[in-house]
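Worksheet: the structure to be examined is printed underneath.
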Amino acid sequence: MDGMGEGDALSRAVAAERTVVVFDFDGTLADTMGGIVEVASGVLRDFGLDEECLADCPKLVGPPFPEAFSEVFGLSLADAQLVTDRFRERYNGRGLVNWPNFPGIPELVRELSRAGRTVAVASSKREETLRVALRQEGIHDLFDRVRGKRRELGHDKADTLRELIGELGVAPDDVVMVGDRFYDVDAALACGLPCVGVTYGRTAPAGELERAGACSVAESVEELGRVLLG
């Protein structure tokens with residue numbers, strides 16, 4: 001970004017000093033907004049929601065399912081689980097169209113590895129689906145560790161991130177998170193590490209990441225590389 005102040009420069013320096021980079025998946029590594037919105041809109045329409053309500057479907061990118069359907073649309077836990085099951089049945093059968101890499105992501109991950117960084121993924125997406133998506137996009141093996149959601153309820157992004165850090169055997173002071181929504185920033189801060197926000201996936205409302213406490217915000221994959229590599 002132009003006009004970077006001293007505070008921004010210090011924040012970027014913090015991110016660049018970390019030896020472990022943990023990426024979110026939806027909206028950060030992969031452009032999943034279109035697929036999630038299309039499938040969710042169809043499922044919710046069949047469930048009886050009107051078109052005005054369906055305008056909120058982009059808000060589903062970020063929070064874990066099934067809780068997301070309760071948070072965004074006020075569904076009961078039982079209805080949210082039912083909608084989630086229907087969503088996954090349709091969504092997982094679509095394959096590659098759901099989760100294309102953002103241009104430049106494979107190259108950035110390789111560059112981080114060449115620079116000696118440990119690179120990992122922590123996502124609220126179910127782990128089996130996450131691994132399928134990463135493999136179909138040809139980037140699964142670029143990461144040192146992949147961790148998704150392993151329990152349906154009572155397991156938030158901070159839990160996933162905390163477990164990943166434990167598996168890596170590193171301290172929070174070694175890690176920086178990269179994510180596209182305030183959920184990622186909240187999870188990172190709960191684990192005692194900074195989070196670089198990204199806006200190139202167009203998932204977060206303007207200012208959301210800054211208000212949540214992101215240490216820096218990158219508007220492109222190229223800018224993210226500059227933040228992470230210094």
Side-chain angles (χ1 to χ4, degrees), residues 1-31 62 101-124 130 134 137 139-147 157-158 160-204 206-230:
M1 298 179 185
D2 294 333
M4 185 175 66
E6 182 179 354
D8 295 324
L10 290 173
S11 295
R12 287 170 176 245
V14 168
E17 289 169 357
R18 303 294 170 119
T19 59
V20 180
V21 181
V22 179
F23 289 90
D24 172 54
F25 180 74
D26 292 300
T28 303
L29 292 175
D31 188 1
N101 294 327
F102 285 108
I105 283 294
E107 293 78 10
L108 173 58
V109 176
R110 291 188 182 98
E111 188 173 1
L112 288 165
S113 294
R114 287 194 297 268
R117 308 296 174 82
T118 297
V119 285
V121 182
S123 173
S124 293
L130 174 64
L134 291 168
E137 284 300 322
I139 61 174
H140 183 279
D141 293 343
L142 299 182
F143 295 96
D144 298 287
R145 184 78 62 166
V146 172
R147 186 67 190 263
K157 187 63 167 283
T160 300
L161 184 55
R162 197 173 291 113
E163 290 163 2
L164 173 65
I165 292 170
E167 290 175 3
L168 289 169
V170 297
D173 287 348
D174 297 323
V175 185
V176 61
M177 178 78 191
V178 181
D180 65 309
R181 294 295 314 277
F182 75 89
Y183 305 96
D184 303 303
V185 182
D186 287 352
L189 295 177
C191 294
L193 48 114
C195 182
V196 177
V198 299
T199 59
Y200 49 75
R202 307 171 309 282
T203 54
E208 176 185 282
L209 294 162
E210 292 87 347
R211 289 191 298 270
C215 71
S216 185
V217 176
E219 297 178 353
S220 67
V221 174
E222 292 75 18
E223 185 179 5
L224 177 60
R226 292 193 291 271
V227 172
L228 295 175
L229 290 162

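The figures that follow rest on heavy atoms only: side chains count, while hydrogens, waters and symmetry mates do not.
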Only residue of V227, T19, L228, V22 satisfying side-chain contact (heavy atoms from CB on, under 4.5 Å) with V176 is L228
Where R181 and T203 come nearest, the two heavy atoms and their spacing: CD-O, 3.6 Å
How long is the gap from OG on S216 to CZ on R226, to the nearest 0.5 Å? 10.5 Å
d(F102 CZ, E137 CD) to nearest 0.5 Å is 11.0 Å
Mind checking what makes side chain to side chain contact (heavy atoms under 4.5 Å, CB included) contact with S124, not counting sequence neighbours? P64, K157
Could you tell me which non-hydrogen atom of P194 sits nearest to which non-hydrogen atom of V14, and how far apart they are? CG-CG1, 4.0 Å
Roughly how far, to the nearest 0.5 Å, is the CG atom of L29 from the CG atom of N101? 7.5 Å
Between V196 and A15, what is the shortest heavy-atom contact and its length? CG2-CB, 3.8 Å
Residue list, salt bridge (Lys or Arg N to Asp or Glu O under 4.0 Å) with E111, at least two apart or on another chain: none
Could you give the distance from CD (E210) to SG (C215), rounded to the nearest 0.5 Å? 11.5 Å
Measure across A115 and L229 and return the closest heavy-atom pair with its distance rounded to 0.1 Å. CB-CD2, 3.8 Å
Which heavy atom of A187 sits nearest a heavy atom of A158, and at what distance? CB-N, 3.6 Å
In short, C191 meets I165 closest at the heavy-atom pair CB-CD1, 4.4 Å
CG on L130 to NE2 on H140, rounded to 0.5 Å: 7.5 Å
For residues V178 and V21, determine if any side-chain heavy atom of one lies less than 4.5 Å from a side-chain heavy atom of the other. yes
Sidechain-backbone polar pair: R18 side chain, D173 backbone, donor-acceptor under 3.5 Å: yes
Using the side-chain contact (heavy atoms from CB on, under 4.5 Å) rule, take V170 and V175 through it: C-alpha gap first, then chi angles, then the decisive distance, then the call. CA-CA 8 Å; V170 297; V175 185; 3.7 Å; yes
Any chance you could lay out the side-chain contact (heavy atoms from CB on, under 4.5 Å) test for I139 and V109, step after step, and finish with the verdict? CA-CA 9 Å; I139 61 174; V109 176; over 6 Å; no
Start with the C-alpha gap between D26 and D180, add the side-chain angles, then the distance that decides, and say whether side-chain contact (heavy atoms from CB on, under 4.5 Å) holds. CA-CA 8 Å; D26 292 300; D180 65 309; 5.6 Å; no
Would you find a donor on one side and an acceptor on the other, under 3.5 Å apart, between the side chain of Y200 and the backbone of T28? yes
Pairwise distance CZ(R162) to CZ(R147) - rounded to 0.5 angstrom: 12.0 Å
